[in-house]
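Start at 1 and go down the list; that is how both ligands and their atoms are numbered. Computed from a prediction, not measured in an experiment: that's the story for all the values here. Only this structure's heavy atoms are used, side chains among them; waters, hydrogens and symmetry mates stay out.
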Amino acid sequence: MIIHKIAVIAGDGIGPEVLAEGVKVLNKVAELDGSFKFEFTHFPWGCDYYKETGKMMPDDGIETLKKFDAIFLGAVGSPGVPDHISLWDLLLVIRKSFDQYINLRPVKLLNGAPCPLKDVKKEDIDMVFVRENTEGEYAGSGSWLFKDQPNEVVIQDGVFSRKGTERVIRYAFELAKKEGKTLTSISKGNALNYSMVFWDKIFKEVSLDYPEVKTYSYLVDAASMFMVKDPKRFEIVVTSNLFGDILTDLGAAIQGGMGLAAGANLNPERKFPSMFEPIHGSAPDIAGKGLANPLATVWSASQLLDFFGHEDWGKKLIDIIEEMLVEKKTLTPDLGGSASTKQVGDAVVAKLN
Ligand code: GGG
């Protein structure tokens, strides 16, 4: 029997509610399969922990997480804790410490999902974003001079190393080659005259190794417009940390909402644990009310199953999400239904059965 050891960080707001459903679904998958099982260990880290201890996780948190095969994360952020603390001291520190340099975010319109775009079919929205996940605009490099004085100055650096830029672009080329898809690079070389000119140069360099992959290059402003006006242009997409974060929220909107958007933070070499999460935030306004949509978490559970080589089960979960969207019987209010978070999780389990 294979045992997958998973660290569960449910986090804040709706995190615990949606993660409970994700864990339930993964346990059911393992039970039905019989050849593997999950061993979940829960960590109470996040903003409540911060309010008690002054830290988002203990000093040895990263050491503790190293022993796991993967991390299943809910959401981070809570009123009363500055957002840059809650994000940096938990989510971003995990991504960086474990060199999770690939953030895979599918943007896929399933049948039945409420797409706000006109005359768009399922086949028209089928992309995978490969977001650079450890450096770029989120490198955390900069300075704050003359704080709180009239001559105050802040500098936020975008850090693009050759290694960091090349490896994410190469990963995206490999994915496009494997799937027989086009690859689009999104950058902003006309304005960001160092970082994005460099990004475009590396993209061109790496493309020479993949003559079979058809490529496109868009400025981020044009790409945002095309994602709305002509989303079928995009198949595999590679972009920087900040652009990827912003564009995948736009992607979530066109695929039916944040309640359907999932992300995998991968350390492709598997030297460290990878992390799987719904990409939405903690939504404190609806937390604890049973209103949160757990399907993004189920989708991230599907990515976790893919990562461990259980692709048949990963696909099954996506098929179930699609079936539920088409039937419209058991959906949360964000998708026009009146079911609770738990009822949606139970419906996924019932369909697995
Ligand atoms: N589901 C994790 C979460 O709460 N994410 C909120 C967020 O702001 N993420 C930023 C990022 O993915 O870089």
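Taking 4.0 Å as the cut-off between side-chain N and carboxylate O, Asp60 and Lys66 do not count as a salt-bridged pair. Salt-bridge annotation for Arg170 and Asp209: present, with a side-chain N of the basic residue lying under 4.0 Å from a carboxylate O of the acidic one. Salt-bridge annotation for Glu205 and Arg162: present, with a side-chain N of the basic residue lying under 4.0 Å from a carboxylate O of the acidic one. Between Glu322 and Lys122, at least one side-chain N (NZ, or NE/NH1/NH2) sits under 4.0 Å from a carboxylate O, which counts as a salt bridge.
When hydrogens are left out, the protein atom nearest atom 10 (C) of ligand 1 is Asp245 OD2, 3.7 Å; that is the closest non-hydrogen contact. At the top of the distance list for atom 2 (C) of ligand 1, counting protein heavy atoms only, stands Glu277 OE1, 2.8 Å. Protein heavy atom nearest atom 4 (O) of ligand 1, with residue, atom name and distance: Val76 N, 2.8 Å. Annotation: atom 1 (N) of ligand 1 to nearest protein heavy atom, Pro278 O, 2.6 Å. With hydrogens left out, the protein atom closest to atom 3 (C) of ligand 1 is His280 O, 3.3 Å, a heavy atom.
Every atom of ligand 1 is numbered from 1 in the order shown, and the set under 4.0 Å from a heavy atom of Tyr138 is 13 (O). Shown in contact with Gly281 at under 4.0 Å from a heavy atom are these atoms of ligand 1, numbered in order with element: 4 (O). Those atoms of ligand 1 with a heavy atom of Ala75 less than 4.0 angstrom away are 1 (N), 2 (C), 4 (O). Set against the non-hydrogen atoms of Arg95, the atoms of ligand 1 under 4.0 Å away are 11 (C), 12 (O), 13 (O). Listed by number with element, the atoms of ligand 1 under 4.0 Å from a non-hydrogen atom of Arg131 are 11 (C), 12 (O), 13 (O).
In terms of N/O distances under 3.5 Å, ligand 1 is not approached by Ser282. At under 3.5 Å, not a single nitrogen or oxygen of Leu92, backbone or side chain, sits near a nitrogen or oxygen of ligand 1.
Proximity of Arg105 to ligand 1, defined as any heavy-atom pair under 4.0 Å, is confined to the side chain (atoms from C-beta onward). Under 4.0 angstrom from ligand 1, the non-hydrogen atoms of Leu91 all belong to its side chain.
In this structure, Gly11 falls outside the shell of residues with a heavy atom less than 4.0 angstrom from ligand 1.
Residues His310 and Val29 have side chains not in contact (no heavy-atom distance under 4.5 Å, counting atoms from C-beta outward). A 4.5 Å side-chain heavy-atom check between Asn190 and Met196 finds every atom pair outside the cut-off.
Using modelled atom types, one side-chain atom of Thr341 and one backbone atom of Ala292 make a donor-acceptor pair closer than 3.5 Å.
Considering each of Leu87, Leu90, Asp249, the one bringing a non-hydrogen atom nearest atom 7 (C) of ligand 1 is Leu87.
Between Val120 and the options Ile254, Val228, Ile125, Asp230, a side chain to side chain contact (heavy atoms under 4.5 Å, CB included) holds for only Ile125. Applying side-chain hydrogen bond (donor to acceptor under 3.5 Å, both in side chains) to Trp199 and the options Ser185, Ser187, Ser240 leaves one that passes, Ser185.
Checked by atom type, the side-chain pair Arg233/Tyr218 shows a donor-acceptor distance below 3.5 Å.
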